[in-house]
There are 2 protein chains.
Amino acid sequence: MEYQEAKEKFISTWGSLGTLWGINKAMAQIQSLLFISTKALSMEEIMEELKISRGNTSMNLRQLMDWGIVTKELIPGERKEYFTTEKDVQELARHIAKQRSRREIKPVIKILKEVSSIKDDGTEKTKELIKQTKALHDLAETADSMMNKIVNQEQTWITKSLMKLIK
Amino acid sequence: MEYQEAKEKFISTWGSLGTLWGINKAMAQIQSLLFISTKALSMEEIMEELKISRGNTSMNLRQLMDWGIVTKELIPGERKEYFTTEKDVQELARHIAKQRSRREIKPVIKILKEVSSIKDDGTEKTKELIKQTKALHDLAETADSMMNKIVNQEQTWITKSLMKLIK
DNA sequence: TTAAACTTTCAGTAATTATTGAAAGTTTAT
DNA sequence: ATAAACTTTCAATAATTACTGAAAGTTTAA
């Protein structure tokens with residue numbers, strides 16, 4: 001497999017993985033293009049490379065910046081804006097995990113908390129609702145907190161060794 | 001908040017969380033309805049409760065069964081089929097993690113492996129592609145394996161203690 | 001200022017994905 | 001065999017989501 005083929009394969013695979021996880025194709029592809037680029041790219045270059053419109057590029061770049069994984073880079077003397085993505089996979093994972101936690105997981109945990117806190121009227125169905133949403137709440141909290149801890153690398157030597165063990 | 005409101009809130013929240021993660025609404029809602037139900041439900045009852053068509057119900061139930069999180073239950077003497085979901089959240093998480101790993105993560109890891117194995121022609125861009133996809137490959141493998149280990153509870157006393165630490 | 005070089009916005013459209021409902025299929029009882 | 005009770009399939013349609021492109025907006029240089 002040659003460079004060009006490999007590059008295209010990577011970008012398109014990453015794009016479809018994105019859609020499978022609720023991230024849109026263009027967004028995932030822009031990010032992956034930047035991820036393997038040796039330099040910051042202009043909007044023009046991104047449009048050209050991915051064959052997408054100016055508007056689409058602009059909007060998705062904005063979203064990527066909102067997520068904190070792409071940043072504008074102003075090249076002195078240049079009028080155009082250039083973009084780069086976080087190149088360190090660990091950092092990248094940290095940003096994504098943090099954002100998805102904040103935007104999606106935390107709000108759901110909150111609702112699970114509310115739902116599982118309704119007053120027990122003694123009926124079987126109410127008991128079941130409380131029991132199951134409570135279990136889900138606990139699971140979600142544990143998973144969320146673990147994910148954050150792991151990705152935040154709040155790792156001492158001991159947790160690192162533990163990681164190796166479970167891995 | 002009363003039972004009915006709490007129930008509706010739970011089901012609709014779960015449904016929208018689903019869509020956010022690439023799972024369709026009906027599928028998520030059927031699963032959540034079963035999850036808090038005290039008994040197995042027939043197709044009729046699910047349709048009625050969620051106000052969705054017979055076809056939709058049938059197709060999504062099938063998908064849920066393919067994922068291994070819903071099972072048919074045949075009640076003796078009854079002609080209709082009844083459905084239940086896995087009630088244990090741990091088991092549920094295990095099933096989902098296992099399936100997503102198999103269907104989505106593993107194939108992507110495979111492609112990352114391929115892409116990162118192209119021959120190094122010495123150019124900077126090829127080196128970058130190899131380096132970055134390799135990093136992603138390693139991250140994906142670690143994350144996938146950790147997730148599986150965690151949900152599979154292949155936990156000895158030592159991994160359990162470690163879990164507590166990182167948690 | 002003005003105008004060139006660029007970016008953003010957004011209404012319209014296209015593409016994708018989900019849903020319906022009725023016909024076809026299956027199973028069970030008689 | 002027949003028919004009733006049920007489930008599945010799938011073409012048509014609806015709903016959602018993504019994308020385009022041109023107009024409006026912004027910034028910089030002279």
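All values below were derived from every heavy atom in this structure, side-chain atoms included, with hydrogens, water molecules and symmetry-related copies excluded. Model, not experiment: these values are computed from the prediction. Below, chains carry the letters A, B, ... as their sequence lines are ordered, and counting in each starts from 1.
Taking a 6.0 Å sphere around CD of B:E124, one finds it holds 12 or fewer heavy atoms contributed by other residues, nucleotides or ligands. Within a 6.0 Å radius of CD in B:E2, other residues, nucleotides and ligands contribute 12 heavy atoms or fewer.
Residue pairs meeting the ring pair (Phe, Tyr, Trp, His ring centres under 6.0 Å) criterion with at least one partner in residues 66-106 of chain A, sequence neighbours excluded, do not occur; the list is empty.
Contact check, B:K72 against D:dT8: a side-chain N or O comes under 4.0 Å of OP1 or OP2.
Shown here are the side chain to side chain contact (heavy atoms under 4.5 Å, CB included) partners of A:R79, two or more places apart in sequence or in another chain: there are none.
Secondary-structure annotation of DNA chain C gives the stems C:1-30 with D:1-30, with a stem taken as at least 3 successive Watson-Crick or G-U pairs whose two distances both fall under 3.5 Å.
To the nearest angstrom, P of C:dT20 lies 10 Å from CG of B:L50.
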Identify all side-chain donor-acceptor contacts of residues 22-31 of chain B below 3.5 Å with residues at least two apart in sequence or on another chain.
residue: B:N24; atom: OD1; partner: B:M27; partner atom: N; Å: 2.9
residue: B:N24; atom: OD1; partner: B:N60; partner atom: ND2; Å: 3.1
residue: B:Q31; atom: NE2; partner: B:T85; partner atom: OG1; Å: 3.1

For residues 129-137 of chain B, which side-chain donor-acceptor pairs fall under 3.5 Å, sequence neighbours excluded?
residue: B:Q132; atom: NE2; partner: A:F35; partner atom: O; Å: 3.2
residue: B:Q132; atom: NE2; partner: A:K87; partner atom: O; Å: 3.1
residue: B:T133; atom: OG1; partner: B:L129; partner atom: O; Å: 2.6
residue: B:T133; atom: OG1; partner: B:I130; partner atom: O; Å: 3.4

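A salt bridge between B:K80 and B:E44 is absent, with no side-chain N of the basic residue lying under 4.0 Å from a carboxylate O of the acidic one.
Counting any heavy atom pair closer than 4.0 Å across all strands shown, A:E81 reaches sugar-phosphate atoms only and no base atom.
Applying the side-chain hydrogen bond (donor to acceptor under 3.5 Å, both in side chains) test between A:E104 and each of A:K106, A:R102, A:R100 identifies A:R100 as the sole match.
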Response to the item:
Under a 4.0 Å heavy-atom criterion, the protein footprint on nucleotides 14-30 of chain D, written with B, S and -, is ----SSBB-----BB--
